[in-house]
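Worksheet: one structure, shown below.
In each ligand, atom 1 is the first atom listed, and ligand 1 is the first ligand listed.
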Amino acid sequence: MSGKLQLDAIKVAPPDTVTIDPAILYMGTPVVLISSLNEDGTPNLAPMSSAWWLGWGCMLGLNRSSKTVENILRTGQCVLNLPAETQVASVDRLALTTGSNPVPPNKVPIGFRYVADKFRLAGLTPVPSDQVIVPRALECPVQLEAELAAVHEFGVDNPRIRTPMKAIEVRIVRVHAAENILRNDNKDRIDPEKWRPLIMSFREFYGLGCNLHNSRLAEFPEELFKPVKFRQASAATADADT
Ligand SMILES: Cc1cc2nc3c(=O)[nH]c(=O)nc-3n(C[C@H](O)[C@H](O)[C@H](O)COP(=O)(O)O)c2cc1C
C-alpha cells in the first residue's frame, strides 16, 4: 500500500444529491490528437476526447461536420496520437480550428477558423507510420495506427444532442510508445506510473494525479486480455472479458 492514499481510513458520508440540468456530461477522458489524410495528401490533426478502448479497438465520438470524419470515411485510416499532460499548450493551440474550408456553418458562430497545417500550429512533427499512409505525431508518447472498422450514427433520436454525431469504431494495427513510459520489467507494457495522459474534464484540462488505490482488476495478468493465438507461450488460456 505504500505510495497510495489511505482512502479506506477516510469515512465519507454519502453526498446529498440534487437533480441538475448540465449541457454536457464530459466526465473526464484522455485527449486524443487524431491524424488523418486530406484529399490532397496533406495531413490533418484534430483534438478530441470522446474516446474509449476495448482490447485493440477504439470507439471515437465525433461531430459529423469535422474534417477528420470526412477523411477517415474516405481513406479508412487514421492515427490516434495521445499527448502527455506536458503538451497541453500545444493541444490548446488546436482548439477552435478545423481542416474544413470553408468552416462548417455549425462551427462559425463559436469562432472556429480554418487552418491548413495543424501539425505546424501545434508544433508537432508528422512522421511516416508503419501500417497506414496517415502520418503519426512524433512528439506524442503514444501513437496508435488504426483502420476503420465500423461507423454508427450516434444520438439520432436523442433530443438532448444538438448536432449529429458519429461513433467511429477503429481497429488498432500498430502501437508505438515512448521508451520512457514503459515498464522496466516488460517492454510490451505501458507503465501507468510513468504515463501521464492529458485529460479533458468538462472542457478543462487536467492530469491524472497520483495512483489512488490498489486495483483488483489489475491483479490477473494483462496478457489474458489477448486472444489466445497472440499470447506469449507461458500465459494461461483463461479469458479476460471486462
Ligand atoms: C481538447 C478537445 C477535445 C475535443 N473533443 C471532441 C470530441 O470528443 N468530439 C468532437 O467531435 N470534437 C471534439 N473537439 C472539437 C474538435 O476538435 C473540432 O470538431 C474540430 O473541428 C475537429 O477538427 P477537424 O474539423 O479538422 O477534424 C474537441 C476539441 C478540443 C480542443
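A salt bridge links Asp21 with Arg160: the distance from a Lys NZ or Arg NE/NH1/NH2 to an Asp or Glu carboxylate oxygen falls below 4.0 Å.
Listed by chain and residue number, nothing satisfies the side chain to side chain donor-acceptor pair (under 3.5 Å) test with Glu219 (two or more places apart in sequence, or in another chain).
Sorted by chain and number, the heavy-atom contacts of ligand 1 below 4.0 Å come from Asn44, Ala46, Pro47, Met48, Ser49, Ser50, Gly61, Leu62, Asn63, Ser66, Lys67, Thr68, Ala95, Thr97, Thr98, Gly99, Lys107, Phe112, Lys118, Met200, Phe205.
In plain terms, the two heavy atoms of His152 and Glu169 that are nearest each other are NE2-OE1, 3.9 Å.
In this structure the side chain of Ile34 never reaches within 4.5 angstrom of the side chain of Asn81, judged on heavy atoms.
Inspection of the Thr42 and Asn38 side chains reveals an N or O donor paired with an N or O acceptor under 3.5 Å.
A side-chain donor-acceptor contact under 3.5 Å links Arg74 to the backbone of Leu37.
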